[in-house]
Structures are given as structure tokens and as C-alpha cells.
Amino acid sequence: MKPYMTVFGAQFRVLLQYRARAWAGFGTQLFWGLIRMAIFTAFYESSTHVQPLSLPDVITYLWLVQALFALTYWSASPEVADKIRNGSIAYELIRPIDLYWYWFARAIACRLAPATLRSIPLFIAAGLFFGLKPPATFASSLLFLGGVASGVAIIAALVCLLNIALLYTLASEGVMRLSIPLTLLFSGMMIPLPLFPLWFQPVVYFLPFRHILDTPIRLYTGNISPTESVWVFLHALIWCVCLTLWGRRLLKRAVSQLVAQGG
Amino acid sequence: MPQIIVENLTKTFKVSQRQAGTLGAIRGLVKRTYNTVEALNNVSFSLEEGELVGYIGPNGAGKSTTIKTISGILVPDSGRVEVMGFVPWKERSEYVRHIGVVFGQRTQLWWDLPVIESFDLLKDIYRVSQSAYQKTRDELIDRLQIAPYLDMPVRQLSLGLRMRCDLAATLLHSPRLLFLDEPTIGLDAVSKLAVREFIRDLNRKNGVTVILTTHDMDDIEALCSRVIVIGKGRLLRDGTLNDLRETVNRERRLRIDLEDSEAQIDIPSVAIWKREGSQVTLQFDPKVISPAELIQRVAAQVAIRDLFVENPPIEEIIARLYEEHLS
């Protein structure tokens with residue numbers, strides 16, 4: 001376990017250096033948060049239907065999306081992508097460690113470090129001025145943290161899959177074009193998942209992407225009750241195991257037929 | 001028993017061929033043709049513990065492929081490799097604890113972290129005990145003279161410094177076997193000498209087995225008693241540097257500085273290799289005419305200001321070897 005913790009720590013420290021990026025990220029998230037707040041307020045005021053989420057709940061949902069935005073992934077790990085393209089991946093293969101968990105640990109650090117820097121100020125700003133409600137109960141705040149942890153695990157497994165795709169294709173754009181819209185749509189980033197049409201919800205709730213944002217957010221607001229959360233966590237765990245096993249199998253195969261680039 | 005046994009190692013790569021230009025790219029979408037490149041073809045050799053071997057060959061000869069196969073990164077098509085009792089690609093994670101590899105063109109240090117943090121990271125990755133780590137690390141820092149740069153981020157180091165730090169990083173877990181893939185590439189003269197001296201010490205004092213690939217023949221001449229030459233994936237020669245000289249090109253050269261730049265030298269079986277003003281270089285085979293006899297004869301014909309006997313540079317020998325085998 002220790003090597004992986006060290007790798008995590010090192011990557012985390014590297015990313016904490018980027019303070020300017022954190023402030024820029026904070027500004028962007030705040031800006032988009034305000035715009036989305038305005039859009040959803042307009043929707044709610046012009047609609048006579050009773051919505052599955054009240055407007056204050058939606059607004060809290062939106063701010064939590066903004067706060068956790070930095071957790072979501074947009075590509076394979078840039079460092080890993082560089083290494084695969086220029087052949088330094090060779091160095092990773094002569095280490096007495098498990099490459100999958102090594103990448104996994106780095107992916108977690110890559111998601112957590114910027115998120116830590118950005119989300120705390122955003123929580124404070126949105127909580128004080130823009131209608132972000134506090135967690136429903138003390139229990140739901142703990143469940144929220146658990147939800148974030150399972151979300152990060154799923155993200156790391158997905159990032160690893162993208163890394164592995166790079167080993168097969170060198171250009172993971174195709175795989176990324178496929179996975180990113182799925183994440184965007186089915187994590188709750190664009191539209192809160194409870195607002196999806198009823199007939200489509202089984203699909204949305206079956207997919208793993210919901211655990212990236214929707215699960216922790218609705219644990220926070222109490223929309224998923226503590227008793228329900230057991231099943232949600234189980235669902236996340238099963239996905240996590242499946243994605244990991246799949247990734248490990250693909251990686252094993254990729255490494256055995258590897259061609260190191262560039263002499 | 002040898003430390004490294006390589007028998008009939010063969011590896012081919014499939015390379016997709018694409019015609020140039022837009023039309024070629026479009027054609028490639030529909031139909032791809034593959035070329036099979038034989039990176040290694042029946043390569044066999046063995047190494048005893050404590051040897052320092054130069055592994056040389058032109059670009060694309062299969063040097064890096066060999067290193068990558070022996071270090072467990074690539075899986076060969078056929079052949080046997082056994083290093084310290086391990087089959088590298090099968091028992092990789094256990095095996096790689098005992099070896100160190102430096103790829104001269106890439107770095108293993110974390111680009112954005114201070115050098116020392118990369119070292120600490122490697123300590124944990126290789127699970128080196130704190131006391132052993134401190135001892136090895138301090139010794140390496142001292143021998144490579146990198147103490148002043150340990151707190152600098154790697155991206156700010158010069159190439160020569162980076163290579164010294166990379167060497168230290170590779171040796172933190174005290175490997176018994178070291179692969180160096182072009183460790184002096186792109187280095188200035190001072191750094192080259194420092195790296196060379198370090199490698200020599202490591203081999204002589206610590207008994208570490210070293211396999212060195214390089215295009216710099218000075219590296220080979222300075223370090224290696226034994227050289228293995230490959231070309232187009234085949235083993236061309238395996239022997240001492242002197243053997244190589246003997247079989248490929250026995251000839252030696254006599255460089256003479258003449259008093260009179262117009263003077264003529266004429267000795268049977270000896271050719272004038274080069275003439276520039278008062279500088280004349282003769283080429284001769286010491287088995288036909290001994291250097292002492294040649295000098296005597298030359299002295300009888302012309303007035304000599306200065307002279308010395310030299311071996312043809314190793315580059316020339318290697319170049320001739322490549323030409324013979326690859327044309």
C-alpha cells in the first residue's frame with residue numbers, strides 16, 4: 001500500500017502548486033453557476049407542472065455540481081498520455097509495482113487536489129450568497145463525503161480505462177468523445193438526474209456515471225435517505241469492482257503486446 | 001553460471017505502411033498494409049556477473065529492443081532469456097527489483113518535483129529500508145556531485161545534471177545489474193567524462209554488471225573490454241575490443257611529421273593513407289612489417305621531425321563491419 005500512498009502524495013503536492021489555476025477555476029465555476037441558476041429559475045417560473053425537485057433544491061444541486069466540478073475527468077491522465085506517446089512508459093514497466101494501482105493512485109490525486117483547492121471557496125461563496133443550503137442533517141454530510149469517495153473511485157477507474165485505451169490506440173480521442181458526453185449527461189452535470197423523463201430514469205440510474213455527481217449531491221440534500229443509501233453505495237461498489245477488473249484485464253493484455261514508442 | 005543468458009532471441013514488429021499524402025491517408029482507412037520488421041533475429045549471448053559490455057549497432061539495429069526485452073518490458077516472439085534465474089517478462093515485478101535501467105533519452109524523475117522527492121518516491125516504490133536508503137543515497141549524491149541541485153525541480157536541470165540525477169535514481173535500490181541505453185547522448189564533454197568515470201567505478205568497485213548501448217565510440221573505448229555488435233537484428237560480433245580490431249581491420253597507422261614537406265616515402269606493402277603538407281600517415285599491417293622495422297626504413301628515406309603509431313579509430317572499424325554485413 002505504501003508505494004501507492006507515496007505516489008498519491010507526490011502527485012497531490014505537484015498539483016497544489018497551481019494556485020493561479022485554482023483561482024481561475026473558482027471564478028469560472030462561480031460564473032457558470034450563476035448563469036445556470038438563472039436558467040433554471042426561468043424554467044421553474046414559466047412552468048406550471050410540479051417538478052420532482054423544488055427550486056431551492058435545484059439551486060443547491062447546481063452549486064454542488066459547480067463545487068465538485070473539478071472532480072470530474074475530461075481526458076486520460078495527461079502525464080500518462082505523454083509517457084505513452086514518447087515512450088517513457090518504459091520506466092513505469094520496470095518498477096516493482098502494479099501499474100494499474102499506480103495509475104489509479106495518480107488519478108485519484110489528480111482529481112482530489114484541484115477539487116480541494118476549488119471547492120472549499122466555492123462552498124463558502126455559494127453558501128453565504130447564492131442559496132446553497134447546508135447538508136440536510138449531520139448524517140447526510142457524512143454520507144455526502146462517502147458519496148464523494150465512491151465517486152472518485154469510479155472516476156479513477158474510468159480514467160484508468162482511458163489510459164489503457166491509449167496503449168491500444170495512441171490517440172484516445174475517439175474513446176474520449178464517447179465517454180465524456182456520457183459523463184456530462186449521466187452524472188447530473190448538465191441536468192439534475194431526477195429531472196430526466198421517468199421512462200429514461202432506469203437507464204440513468206443503472207449507469208455508473210451517476211455516482212460521480214448525482215449520488216453525493218443527493219446524499220447531501222437528503223434526497224436519498226440513509227436507508228436508501230445502502231443500495232446506492234452497493235451499486236457504486238459493484239460498478240467500481242467491474243470497471244477495475246475490466247481495466248486490469250485490458251491492461252494485462254496491452255502490456256503483453258506492447259510496443260514502446262520512439263526507439 | 002552466467003548472470004544473463006540470451007538464446008535465439010527473436011522479435012518482430014508489425015508496422016503499418018501508409019502512403020504519403022492525403023490520398024494515401026484515405027487509402028489507409030480502407031486497406032492497411034503491414035510490414036514485418038525483424039527487430040531481433042536469433043540473437044544469443046551470455047554475460048558473467050561483473051562484466052561491463054558495450055552493446056553497439058547502428059540506429060534501428062535492435063539495441064533498445066534487446067534491452068527492453070532483457071529488462072522485461074517487451075515480450076519476445078521466441079527464444080530464451082534468463083537473468084539471475086528469472087524469465088524477465090514472466091516474473092517482471094519480482095525481477096525488476098534487482099535491475100536498474102537508464103534510458104538516456106528520457107527521464108524517470110518527476111518533472112515538477114525537486115530531485116530529492118523523486119528519490120524518496122523511488123525508495124517507497126522499491127521498498128528500500130530507511131537506513132539502507134540513506135546510506136546508498138548519500139553515497140550516490142557524493143559520487144555524482146549532485147548535492148547542490150537536490151532541491152531544484154527537475155525541469156530546471158541541465159541535461160548533464162539530469163543524467164547524473166537519473167543515474168543516482170536508478171541505483172537507489174542497489175541493483176546488481178544495470179542497463180544503460182545511451183547514457184551519454186547529448187552530454188557535453190565534462191558531463192560525459194563524469195558519467196563515464198562513475199560507470200567505471202560502479203563496475204570495478206561495486207561489481208555491478210553493466211550493459212551499455214551507445215553511439216559514442218569513446219564510451220566504448222574508455223569503458224568496455226567486451227563488445228557485442230548487432231546490425232539489422234543479427235549478432236555480428238561478440239568479443240574483446242582487440243579481437244574486433246584484429247578481425248575487421250588489423251592495420252595500424254604511422255603518423256609522421258616530416259622536416260621537408262616535399263620528401264617522398266616509398267616502402268613496399270605500406271600505403272600512404274593520407275598526406276597533408278608535412279603530415280604523412282602510413283597504413284601498415286604489423287604482421288607483414290613490424291612498427292620498428294617500418295620506422296627504421298622511413299628514417300632511412302626521409303628526415304623525421306616527429307612520429308607516432310596509432311590504431312584506426314573504433315568508429316572506422318565499426319563502420320567497416322556494418323558495411324561488410326549489411327550491404
Side-chain angles (χ1 to χ4, degrees), chain A residues 1-19 21 77-80 82-103 105-106 109-110 113 167-170 174 248 251-263, chain B residues 11 13-15 37 39 59-65 67-69 71-75 88-114 117-118 120-128 153 166 169-170 173 175 179 181-182 185 213:
Chain A
M1 201 55 192
K2 190 164 181 211
Y4 307 102
M5 291 302 289
T6 317
V7 167
F8 171 82
Q11 183 76 60
F12 200 84
R13 280 198 300 283
V14 168
L15 291 163
L16 283 187
Q17 294 172 2
Y18 301 122
R19 263 168 304 180
R21 199 167 88 178
S77 308
E79 294 92 351
V80 175
D82 280 348
K83 283 187 175 162
I84 291 172
R85 288 197 71 82
N86 68 25
S88 308
I89 182 79
Y91 273 125
E92 324 252 275
L93 291 168
I94 53 158
R95 304 290 181 224
I97 50 169
D98 186 299
L99 189 59
Y100 186 86
W101 295 122
Y102 179 68
W103 282 356
R106 287 185 79 156
C110 282
L167 282 175
Y168 283 95
T169 62
L170 276 192
R248 292 183 65 85
L251 181 63
K252 203 173 162 196
R253 223 185 78 196
V255 167
S256 71
Q257 54 193 42
L258 186 78
V259 180
Q261 304 296 318
Chain B
K11 171 95 188 166
F13 290 114
K14 233 165 62 171
V15 180
V37 176
N59 288 323
K63 299 185 299 289
S64 293
T65 306
I67 300 273
K68 282 174 188 149
T69 311
S71 56
I73 298 169
L74 296 180
V75 184
W89 57 92
K90 285 200 180 133
E91 299 147 280
R92 187 170 62 216
S93 57
E94 187 45 39
Y95 165 67
V96 291
R97 279 176 200 284
H98 306 282
I99 63 163
V101 189
V102 174
F103 298 105
Q105 311 206 41
R106 331 182 193 290
T107 184
Q108 58 187 311
L109 306 164
W110 281 40
W111 204 238
D112 294 310
L113 287 180
E117 291 205 29
S118 281
D120 292 345
L121 197 69
L122 287 166
K123 169 201 166 250
D124 285 339
I125 286 180
Y126 283 94
R127 296 168 212 255
V128 183
D166 254 310
T170 301
H173 60 289
F179 298 100
D181 195 357
E182 307 193 27
I185 195 162
T213 81

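So you know, we letter chains A, B, ... as the sequences are listed, proteins then strands, and number each from 1.
- The nearest pair of heavy atoms linking A:L93 to B:V96 is O-CG1, 4.3 Å.
- Not counting sequence neighbours, the partners of A:D98 by the side chain to side chain contact (heavy atoms under 4.5 Å, CB included) test are A:Y4, A:Y100, A:W101, A:R248.
- Residue B:T170 does not touch chain A at all, counting heavy-atom pairs closer than 4.5 Å.
- For B:K123, the side chain to side chain donor-acceptor pair (under 3.5 Å) partners are B:Q130, not counting sequence neighbours.
- Just one of B:R106, B:Q105, B:Q108 meets the side chain to side chain contact (heavy atoms under 4.5 Å, CB included) condition when paired with A:S88; it is B:R106.
- The candidate from B:D120, B:V101, B:L122 with the greatest count of non-hydrogen atom pairs under 4.5 Å with chain A is B:V101.
- Of all the heavy atoms in B:I125 and A:Y102, the pair that sits closest is CD1-CE1, 4.3 Å.
- Between B:S93 and A:P96, the closest heavy-atom pair is O-CB, 3.4 Å.
- A distance of 13.0 Å separates CD in A:E79 from CH2 in B:W111, rounded to the nearest 0.5 Å.
- Residue A:Q11 touches chain B through both its backbone and its side chain, counting heavy-atom pairs closer than 4.5 Å.
- To the nearest 0.5 angstrom, A:I97 atom CD1 is 9.0 Å from B:R127 atom CZ.
- A side chain to side chain contact (heavy atoms under 4.5 Å, CB included) with B:I73 holds for exactly one of A:I94, A:I89, A:V255; it is A:I94.
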